[in-house]
Enquirer: 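Can you read through this structure? Questions will come right after.
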Amino acid sequence: MPVGVVGAGTMGTAVAQVFASAGHPVVVVDRHRAALDAGPRRLNDGLRAARLLGRRPAPGEDRPSAERTAELIDWTEEFDRLAEVGFVVECTSERLAVKEQVLGELDRVCAPATVFASCTSAIPVARLASYTDRADRVLATHFMNPAYLKETVEVVRGPATTARTLETTLALLAGVGRSAHVVLDAPGFVSNRVLMPMVNDAAARVQEGVASAETVDLIFQECFGHAMGPLRTADLIGLDTIVDTLDVLLETTGDERYRPCELLLDLVRRGHLGRKTGLGFHAYGARP
């Protein structure tokens, strides 16, 4: 099945890699030329990382080569190129106005049976579905970063999502080697409803001088067995995405726990967004 991805940023490129690596032709749409131009470099980085760190193919498992994977991805500014795809993953920034515009455009150009899956971090599916005329074919597929290494997806079923839409999505994910945990609709779902206040509180402890970012993360790694602490996790996600997600959760829940602390806001204002810029709570080396 041809798959569409909207957004050629870090997450969109990684999601495109997941589907192309399983043999699906993928059309990646982004109206920002700079993002499209950077997409192939991001893809090459992801293919290299997947080869070094990812799951090895099982005996007899047929996967496209890195070269063939790259050939299966078409990069374009034109939404009309999505007219023939059967499944679209929306991977734009976590801002309601952006998603409303994109989903409206998808509704215009895509076939009536096409499923819209948002990679939203926190926006309720019911809200996203309201931007379309196909609420029954809208749900969330919350891929984690980096999507090409994470083999589990949080799938969010909206109040109008049909069983057929869910079955189609789960079958497609299984076919690209991903298992799914299905949850019902709520702001932030399970993952970010729990993770975001922890990240915000961890950043606030650093802001207060209680501990360094390194110490905060080591406590979670060594005391609780986390692979990464909350602040390295935030750097991996991207601190701009963390702030956008907290803003959405604050708006949709009214809970002050989701108001971003000043340290988070300051890092984002200074362009220190985590791994993708080389500096966040921790230093990773400069990015081009």
Side-chain angles (χ1 to χ4, degrees), residues 5 7-18 28 30 32-54 66 70 73 75 91-95 98 119 121-122 142-150 191-192 195-196 198-222 226-247 260-288:
V5 174
T10 299
M11 184 57 75
T13 301
V15 170
Q17 178 180 334
V18 168
V28 178
D30 199 309
H32 296 91
R33 189 70 244 175
L36 282 177
D37 290 343
R41 175 187 60 78
R42 290 195 186 97
L43 176 66
N44 285 334
D45 289 347
L47 289 168
R48 188 178 307 112
R51 186 168 61 251
L52 294 173
L53 303 172
I73 300 177
W75 310 85
C91 297
T92 59
S93 60
E94 195 69 358
R95 296 177 184 174
V98 172
C119 197
S121 299
H142 184 201
F143 288 84
M144 308 298 165
N145 188 32
Y148 48 78
L149 294 181
K150 303 289 186 176
S191 56
N192 282 333
L195 176 63
M196 290 300 140
M198 181 171 69
V199 168
N200 204 27
D201 280 346
R205 302 296 78 75
V206 175
Q207 177 181 310
E208 294 165 355
V210 173
S212 67
E214 185 72 24
T215 298
V216 169
D217 283 338
L218 285 172
I219 288 170
F220 277 83
Q221 289 174 266
E222 296 179 4
H226 290 202
M228 295 185 293
L231 300 179
R232 286 194 185 278
T233 300
D235 280 349
L236 179 61
I237 293 168
L239 302 188
D240 51 342
T241 301
I242 295 287
V243 169
D244 285 345
T245 302
L246 285 165
D247 285 341
C261 76
E262 185 57 34
L263 177 56
L264 269 171
L265 294 172
D266 184 58
L267 287 168
V268 171
R269 281 193 293 264
R270 289 189 286 149
H272 301 326
L273 308 181
R275 284 184 179 271
K276 61 188 173 184
T277 61
L279 186 63
F281 287 103
H282 302 276
Y284 303 93
R287 296 288 299 177

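Starting from 1, each residue takes its place in the sequence as its number.
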Enquirer: For Leu279, enumerate each residue passing the side chain to side chain contact (heavy atoms under 4.5 Å, CB included) test, keeping only those at least two apart in sequence or located in another chain.
Expert: His272, Ala283
Enquirer: Hey, mind stepping through Leu273 and Leu267 against side chain to side chain contact (heavy atoms under 4.5 Å, CB included) and telling me if it holds?
Expert: CA-CA 7 Å; Leu273 308 181; Leu267 287 168; over 6 Å; no
Enquirer: Taking side-chain hydrogen bond (donor to acceptor under 3.5 Å, both in side chains) as the test, write out the residues that go with Gln17, two or more places apart.
Expert: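 side-chain hydrogen bond (donor to acceptor under 3.5 Å, both in side chains) check on Gln17 returns nothing, list empty.
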Enquirer: For Asn192, enumerate each residue passing the side-chain hydrogen bond (donor to acceptor under 3.5 Å, both in side chains) test, keeping only those at least two apart in sequence or located in another chain.
Expert: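 If we apply the side-chain hydrogen bond (donor to acceptor under 3.5 Å, both in side chains) test to Asn192, skipping adjacent residues, there are no hits.
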Enquirer: Within the structure provided, determine whether Val243 and Leu239 are in side-chain contact (heavy-atom separation under 4.5 Å).
Expert: no
Enquirer: Walk me through whether Thr13 and Trp75 qualify under side chain to side chain contact (heavy atoms under 4.5 Å, CB included).
Expert: CA-CA 10 Å; Thr13 301; Trp75 310 85; 3.9 Å; yes
Enquirer: How many angstroms lie between CG in Asp247 and CG in Leu265, if you round to the nearest 0.5 Å?
Expert: 7.5 Å
Enquirer: Using salt bridge (Lys or Arg N to Asp or Glu O under 4.0 Å) as the criterion, list what pairs up with Asp201, not counting sequence neighbours.
Expert: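 Asp201 satisfies salt bridge (Lys or Arg N to Asp or Glu O under 4.0 Å) with no other residue.
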Enquirer: In the structure I gave you, are the side-chain heavy atoms of Thr10 and Thr241 within less than 4.5 Å of one another anywhere?
Expert: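 SC-SC contact between Thr10 and Thr241 ruled out.
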Enquirer: Which atom pair, heavy atoms only, marks the closest approach of Ala49 to Leu149?
Expert: O-CD2, 4.2 Å
Enquirer: Can you tell me how far the CG atom of Leu47 sits from the CG atom of Leu52, to the nearest 0.5 Å?
Expert: 11.0 Å
Enquirer: Under the side-chain hydrogen bond (donor to acceptor under 3.5 Å, both in side chains) rule, collect the residues that match up with Asp240, sequence neighbours excluded.
Expert: Lys276
Enquirer: Just wondering, are more than 12 heavy atoms of other shown residues or ligands nearer than 6.0 Å to CZ in Arg270?
Expert: yes
Enquirer: With distance as the sole test, does Arg42 use its side chain to make a donor-acceptor pair with the main-chain N or O of Ala8 at under 3.5 Å?
Expert: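 Checking the backbone N and O of Ala8 against the side chain of Arg42, a donor-acceptor pair under 3.5 Å is found.
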Enquirer: Give the minimum heavy-atom separation between Gly12 and Cys91, together with the two atoms involved.
Expert: CA-CB, 3.7 Å
Enquirer: Can you list the residues that meet the side-chain hydrogen bond (donor to acceptor under 3.5 Å, both in side chains) rule with Ser191, with sequence neighbours excluded?
Expert: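 Per chain and number, Ser191 pairs via side-chain hydrogen bond (donor to acceptor under 3.5 Å, both in side chains) with His142, Glu154.
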Enquirer: Does Glu208 have any salt bridge (Lys or Arg N to Asp or Glu O under 4.0 Å) partners at least two apart in sequence or in another chain, and if so, which?
Expert: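 If we apply the salt bridge (Lys or Arg N to Asp or Glu O under 4.0 Å) test to Glu208, skipping adjacent residues, the hits are Arg205.
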Enquirer: Under the side chain to side chain contact (heavy atoms under 4.5 Å, CB included) rule, collect the residues that match up with Glu214, sequence neighbours excluded.
Expert: Ser212, Leu218, Arg232, His282
Enquirer: Which pair of non-hydrogen atoms, one from Gly280 and one from Asp235, has the smallest distance, and what is that distance?
Expert: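 Closest approach of Gly280 to Asp235: CA-OD1, 3.5 Å.
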Enquirer: What closest approach, in Å, do Leu246 and Pro260 show between heavy atoms, and which atom pair accounts for it?
Expert: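 It is CB-CG, 3.9 Å.
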Enquirer: Without swapping roles, check the side chain of Asn145 against the backbone of Met11 for a donor-acceptor pair under 3.5 Å.
Expert: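 Absent.
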Enquirer: Which residues pass the ring-ring contact (aromatic ring centres under 6.0 Å, His included) test with His226, not counting sequence neighbours?
Expert: Phe220
Enquirer: So does Gly274 get a backbone contact from the side chain of Thr277, meaning a donor-acceptor N/O pair under 3.5 Å?
Expert: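 Yes.
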Enquirer: Any idea which heavy atoms bring Gly7 and Val28 closest together, and the distance?
Expert: O-CG1, 3.9 Å
Enquirer: Identify, with sequence neighbours excluded, every residue that meets side chain to side chain contact (heavy atoms under 4.5 Å, CB included) alongside Thr233.
Expert: Leu195, Met228, Ile237
Enquirer: Closest approach of Ala204 and Cys261, non-hydrogen atoms and distance?
Expert: N-SG, 3.9 Å
Enquirer: Using the test side chain to side chain contact (heavy atoms under 4.5 Å, CB included), find all partners of Ala202 that sit at least two apart in sequence or belong to another chain.
Expert: Val216, Pro230, Leu231
Enquirer: Nearest 0.5 Å please: distance from the CG atom of Leu236 over to the CZ atom of Phe281.
Expert: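 Leu236 CG to Phe281 CZ: 13.5 Å, rounded to 0.5 Å.
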